[in-house]
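Naming: A, B, ... by sequence-line order, numbering from 1 per chain.
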2 protein chains.
Amino acid sequence: MSKEASLKFHMNLGMLIRSAHNSMTERFVKNVFKSGLDISMDQWMVLGPIWQLGSPSQKDLGEICLRDKSSITRIIDSLEGKSLVVRVSDQIDHRIKRVILTNAGKQLFYDVLPIMEKTREEVRGQISEEEIEIFKNVLSKIIKNLNSKA
Amino acid sequence: MSKEASLKFHMNLGMLIRSAHNSMTERFVKNVFKSGLDISMDQWMVLGPIWQLGSPSQKDLGEICLRDKSSITRIIDSLEGKSLVVRVSDQIDHRIKRVILTNAGKQLFYDVLPIMEKTREEVRGQISEEEIEIFKNVLSKIIKNLNSKA
DNA sequence: TTTTTTTAGTTGCAATTGCAACTAAAATAA
DNA sequence: TTATTTTAGTTGCAATTGCAACTAAAAAAA
């Protein structure tokens with residue numbers, strides 16, 4: 001591959017990924033706002049796993065969401081500030097804080113679910129299921145490639 | 001699709017994209033550092049188009065890099081601070097500032113090119129050319145989907 | 001047991017983001 | 001011509017990021 005071609009490829013990839021991510025987040029926030037609700041993409045990305053897992057630790061959430069633990073701390077702070085979740089110290093291991101949805105948190109989750117579904121449709125548009133599968137697969141592989149060897 | 005399945009899909013997609021982007025940037029910066037050079041991913045992403053286009057306006061760079069104009073302003077500020085580029089007012093339209101590589105900028109560009117190539121190899125790993133093509137295609141489609149209809 | 005190391009979570013920090021408000025110049029309308 | 005609108009770029013701002021340093025608790029080593 002020529003230097004020019006490889007340059008073009010790599011530049012585009014990074015920029016495309018960044019831009020796609022920004023657009024998706026922006027659209028989600030817009031759709032949430034239009035529905036009169038109030039939750040950021042980050043908060044939602046944490047709320048879902050809490051709902052699925054029941055009472056995950058913050059460490060669990062960090063691993064699932066692929067985020068730094070300090071980011072999780074702050075997102076949980078904001079969710080707790082809105083009374084959507086509560087932190088509960090683990091009975092056995094007092095270092096661990098388990099995060100649990102309040103009733104308001106569960107309600108919001110169910111309210112946002114159809115908005116997320118709508119956003120998902122808008123993001124996907126005419127992209128085929130097969131393409132999406134490959135897309136997610138490539139993303140996973142990239143992450144694996146970069147996290148394995150130093 | 002069940003609510004659970006669709007939830008899972010969307011959560012993962014956003015998180016995967018974010019994480020892949022972070023990992024790629026981190027790896028690039030690490031490789032640059034190991035080579036004793038000094039340039040951030042953002043600076044590099046702007047440097048390439050300047051090299052390709054010769055003397056683009058900041059607006060051009062924003063469109064190519066899919067970035068806000070204020071981000072471009074600040075990245076050019078930092079490149080100018082390192083004497084890698086200079087701003088030159090357009091002779092005809094005095095609103096426009098054209099960005100031009102200095103000799104040091106050109107030198108750095110050529111020095112970083114093989115590092116970018118190496119990073120690209122590490123990012124791609126065993127992912128096939130075909131998968132990468134579909135991957136980029138899906139990214140472009142997603143961006144198009146979200147920028148067309150309000 | 002006591003000491004050391006590891007782990008979970010929090011906080012301080014400096015860098016980066018895009019939006020919105022702004023300046024200055026050009027294009028268009030009046 | 002003069003007045004208005006649009007455009008290119010800059011700056012202020014508040015929010016968000018991950019790293020590094022920190023606290024407190026648990027696990028492992030002594």
Notebook entry, point to check: Rounded to whole angstrom units, what separation is found between the CD atom of B/Glu63 and the C1' atom of D/dA8?
Noted result: 11 Å
Note to self: Between A/Met41 and A/Val32, is there a side-chain heavy-atom distance shorter than 4.5 Å?
What the structure shows: no
Margin query: Going by salt bridge (Lys or Arg N to Asp or Glu O under 4.0 Å), name the residues that satisfy it together with A/Lys118, two or more places apart in sequence or in a different chain.
Written below: A/Glu122
Margin query: Tell me every residue that passes salt bridge (Lys or Arg N to Asp or Glu O under 4.0 Å) with A/Arg74, counting only those two or more places apart in sequence or in another chain.
Written below: none
Notebook entry, point to check: Transitive ILVMFWY cluster of B/Phe33 at side-chain heavy atoms under 4.5 Å: who else is in it?
Noted result: none
Next item on the list: Under 4.0 Å between any heavy atoms, over every strand shown, what does A/Leu61 touch: base, sugar-phosphate, or nothing? Just pick one.
Entry: nothing
Next item on the list: Any pair with a residue in residues 60-95 of chain A that passes ring-ring contact (aromatic ring centres under 6.0 Å, His included), sequence neighbours left out, goes on the list, sorted by first then second residue, please.
Entry: none
Side-chain donor/acceptor pairs under 3.5 Å, residues 13-24 of chain B, sequence neighbours excluded:
unit_1, atom_1, unit_2, atom_2, d
B/Arg18, NH2, A/Asp42, OD1, 2.8
B/Ser23, OG, B/Ser19, O, 3.0

Next item on the list: Take the protein atom CD1 of A/Ile72 and the nucleotide atom P of C/dA8, then report the distance between them rounded to whole Å.
Entry: 14 Å
Margin query: Please determine whether a side-chain nitrogen or oxygen atom of B/Thr73 lies at a distance below 4.0 Å from atom OP1 or OP2 of D/dG9.
Written below: no
Note to self: Using a 4.0 Å heavy-atom cut-off to protein, can you give one letter per nucleotide of nucleotides 13-21 of chain C, 5' to 3': B if the base is in contact, S if only the sugar-phosphate is, - if neither?
What the structure shows: B--SBBB--
Checklist line | Listed partners of A/Lys97 passing salt bridge (Lys or Arg N to Asp or Glu O under 4.0 Å), at least two apart | finding: none
Next item on the list: Please write out which residues are connected to A/Leu53 in a hydrophobic cluster, directly or through intermediates, given that two of Ile, Leu, Val, Met, Phe, Trp, Tyr count as joined at side-chain heavy-atom separations below 4.5 angstrom.
Entry: A/Ile64
Note to self: Heavy atoms from C-beta onward define the side chain here; which of D/dG9, C/dA26, C/dG9 lies closest to that of B/His94?
What the structure shows: C/dA26
Next item on the list: Report the hydrophobic cluster partners of B/Ile100, with the cluster defined as I, L, V, M, F, W, Y residues connected by side-chain heavy atoms closer than 4.5 angstrom, directly or transitively.
Entry: B/Val86, B/Val88
Extract from the structure each pairing of a protein N or O with an N or O of nucleotides 2-5 of chain D at less than 3.5 Å, listing the distance.
none

Margin query: Using a 4.0 Å heavy-atom cut-off, does B/Arg98 contact any base of the nucleic acid, only the sugar-phosphate backbone, or nothing at all?
Written below: nothing
Atom pairs, protein N/O to nucleotides 27-29 of chain C N/O, distance under 3.5 Å:
none

Margin query: Quick one, B/Arg87 with B/Gln58, criterion side chain to side chain donor-acceptor pair (under 3.5 Å). Give me CA distance, side-chain angles, the key distance, then yes/no.
Written below: CA-CA 9 Å; B/Arg87 285 179 167 99; B/Gln58 294 187 197; 2.8 Å; yes
Check: In whole angstrom, what separates A/Lys97's NZ from D/dA25's C1'?
Finding: 12 Å
Check: Tell me, which pairs form a ring-ring contact (aromatic ring centres under 6.0 Å, His included) where one or both residues lie in residues 120-141 of chain B, sequence neighbours left out?
Finding: A/Phe135-B/Phe135
Next item on the list: Report which part of the nucleic acid A/Ile76 touches: base, sugar-phosphate, or nothing (heavy-atom distance under 4.0 Å, all strands).
Entry: nothing
